[in-house]
Enquirer: 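Submitted below is the structure of interest, expressed as structure tokens.
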There are 2 protein chains.
Amino acid sequence: MPQPSSLTKGERTRQTIIDAAHTLIVEQGYAGTSMRQISERAGLALGGIYNHFPNKEAIFVEVIISKHPFHQVLPLLQAAPGDTVEEFVRNAAKRMIAELGRRPDFIKLIFVELVEFEGRDLPRMFQVIFPQVLPLVQRFQSHEGELRPIDPFILFRAFLGLFISYYMTELLLAGIPAALKPENSFDSFVEIFLHGVIAAKDN
Amino acid sequence: MPQPSSLTKGERTRQTIIDAAHTLIVEQGYAGTSMRQISERAGLALGGIYNHFPNKEAIFVEVIISKHPFHQVLPLLQAAPGDTVEEFVRNAAKRMIAELGRRPDFIKLIFVELVEFEGRDLPRMFQVIFPQVLPLVQRFQSHEGELRPIDPFILFRAFLGLFISYYMTELLLAGIPAALKPENSFDSFVEIFLHGVIAAKDN
DNA sequence: CCTACCGATCGGTAGG
DNA sequence: CCTACCGATCGGTAGG
């Protein structure tokens, strides 16, 4: 959400173009979205776009970088409370799944990046993202005592994977009769993960 | 892999078109692939395609149905040996990860279906797939004694999710310095899953 | 199954 | 920032 008041007119127009492109690309993919559609949605003439971006791909690169899920997701995870790993994971999971429900575009953006751009921008993305990942890895690390011996980076990766696997299988199994789908599936996913990583209690 | 000798000429041409479209769509997406590219790769004139398919979308529907990862993956899982859940999971995981390495197109096909077709074909897909899923669910069910109390369908879903989460995070974290990536990450994923689902032993 | 074509739309630009 | 345009390419078809 841009704050028009703090931006110059040119910056506002630029942001409008990025927002328009983001919406369309998530709905139709990159190749399926035309510069004319973007210009219409942004409320200017086709030629006007080229005052702000040299070409179509440059718009996408801006979209993928500024709208990347990690920007919302990582701060969300960092802010999750919890004095033990178990509490933290439960809280973080609850927040994540709520956010994913609110933003179905998250996965689609990643798909477009992976298929239509073959992940070309991922290395650059990661430079921006990495400083935010580190404190999460360390948060697991500082609770080593509660955990089975697992490399903390793998732990973080499996933690991320928990959401990805839930969300992807949700999409993939969309065709399944609802009667077969147990309620609270996500809670079960969280329990499996917790049992998988937390050391057996001594008592 | 088609067997030309057992097909009529028309069927062979049709298959050639599907194969060509599959390759191109996985590389460039659906909207990014033109009918002319498909015709060139299949070795016939543009107009010739329309003797076999009414339009572009019909080709994709055939591609997604006949090349869907589940066709390779489910038989692979079913054939995995193992008298206990633990053995089965380890064997199945080994086979799956080898197959995923061999067929990077798997995930891309799913992405195209999900983004460019909004999962429209998934319900129909699932009708074809479901009979193959059932025996796998039952296989978990028949070893209930070894497992924590988890709905067998969720168990299957989490099992599928194990591969998806490993593979997706592998792609997503592609930008990361290799020095930070622990070796044998996949084995760790399998261990976390096993600890998550297998009941604590009595001894 | 090919040739030759259709109208529509594409990304991008010149010129103001 | 818009108007008017460029050549190229798109999905699809008629006619043989």
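Quick note on labels: first sequence line is chain A, next is B, and so on, each numbered from 1. Worth saying up front: this structure is predicted, and the values here are computed from it rather than measured. Side chains included, hydrogens not; waters and symmetry mates left out as well; all remaining heavy atoms used.
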Enquirer: Can you tell me the Watson-Crick or wobble partner of D:dG15, both distances under 3.5 angstrom?
Expert: C:dC2
Enquirer: Does B:Lys9 have a side-chain nitrogen or oxygen under 4.0 Å from the phosphate oxygens OP1 or OP2 of C:dC1?
Expert: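 Answer yes for this pair, as a side-chain N or O of B:Lys9 is under 4.0 Å from OP1 or OP2.
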Enquirer: Centres of the B:Tyr167 and B:Phe163 rings: under 6.0 Å?
Expert: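 No, the ring of B:Tyr167 stays outside the 6.0 Å limit from the ring of B:Phe163, centre to centre.
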Enquirer: Whole angstrom is fine here: how far is it from CG in A:Asn51 over to P in C:dG11?
Expert: 17 Å
Enquirer: Taking CZ from B:Arg12 and P from C:dC1, how many angstroms apart are they, rounded to a whole number?
Expert: 10 Å
Enquirer: Using atom NE2 of A:His52 as one end and atom P of D:dC2 as the other, report the distance to the nearest whole Å.
Expert: 9 Å
Enquirer: When we call it a touch if two heavy atoms are under 4.0 Å apart, what does A:Thr33 touch: a base, just sugar-phosphate, or nothing?
Expert: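 A:Thr33: backbone/sugar contact only, no base atoms under 4.0 Å.
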Enquirer: Check the distance between C:dC10's C1' and A:Leu46's CG and give it to me in whole angstrom.
Expert: 10 Å
Enquirer: Between A:Pro54 and A:Gln37, who's closer to the 5' end of DNA chain C by nearest nucleotide?
Expert: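 So the residue in question is A:Gln37.
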Enquirer: Indicate the ring-plane relationship of B:His68 and B:His71, choosing parallel, tilted or perpendicular according to the 30° and 60° boundaries.
Expert: perpendicular
Enquirer: Flag yes if more than 12 heavy atoms outside A:Lys94 fall under 6.0 Å of its NZ atom; otherwise flag no.
Expert: no
Enquirer: Can you label the angle between the A:Phe111 ring and the B:Phe111 ring as parallel, tilted or perpendicular, going by 30° and 60°?
Expert: parallel
Enquirer: Nearest-Å distance, CD (A:Glu11) to C1' (D:dC1)?
Expert: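 Rounding to the nearest Å, CD of A:Glu11 and C1' of D:dC1 are 17 Å apart.
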Enquirer: Where do A:Glu118 and B:Lys108 land on the side chain to side chain contact (heavy atoms under 4.5 Å, CB included) test, with the steps shown first?
Expert: CA-CA 10 Å; A:Glu118 294 167 318; B:Lys108 291 192 174 182; 4.2 Å; yes
Enquirer: Over how many whole Å does the gap from A:Arg36 atom CZ to C:dT13 atom P extend?
Expert: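 Rounded to the whole Å, the gap is 13 Å.
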Enquirer: Are A:Ser34 and C:dT9 close enough that a side-chain N or O sits under 4.0 Å from OP1 or OP2?
Expert: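 The answer is no; no side-chain N or O of A:Ser34 sits under 4.0 Å from OP1 or OP2.
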Enquirer: Which class fits the ring pair B:Phe159 and B:Phe140: parallel under 30°, tilted 30 to 60°, perpendicular over 60°?
Expert: perpendicular
Enquirer: From the options D:dG11, C:dT13, C:dC2, select the nucleotide whose nearest atom is closest to the side chain of B:Ala45.
Expert: C:dC2
Enquirer: Determine the interplanar angle of the A:Phe156 and A:Phe153 rings, folded into 0 to 90°, and report it as parallel if under 30°, tilted if 30 to 60°, perpendicular if over 60°.
Expert: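 Correct class here is tilted.
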Enquirer: Between A:Met35 (CE) and C:dG11 (C1'), how many Å, whole number?
Expert: 7 Å
Enquirer: How long is the line joining CZ of B:Phe60 and P of D:dG11, in whole Å?
Expert: 15 Å
Enquirer: Among residues 22-30 of chain B, which ones have heavy-atom contacts with DNA chain C below 4.0 Å?
Expert: none
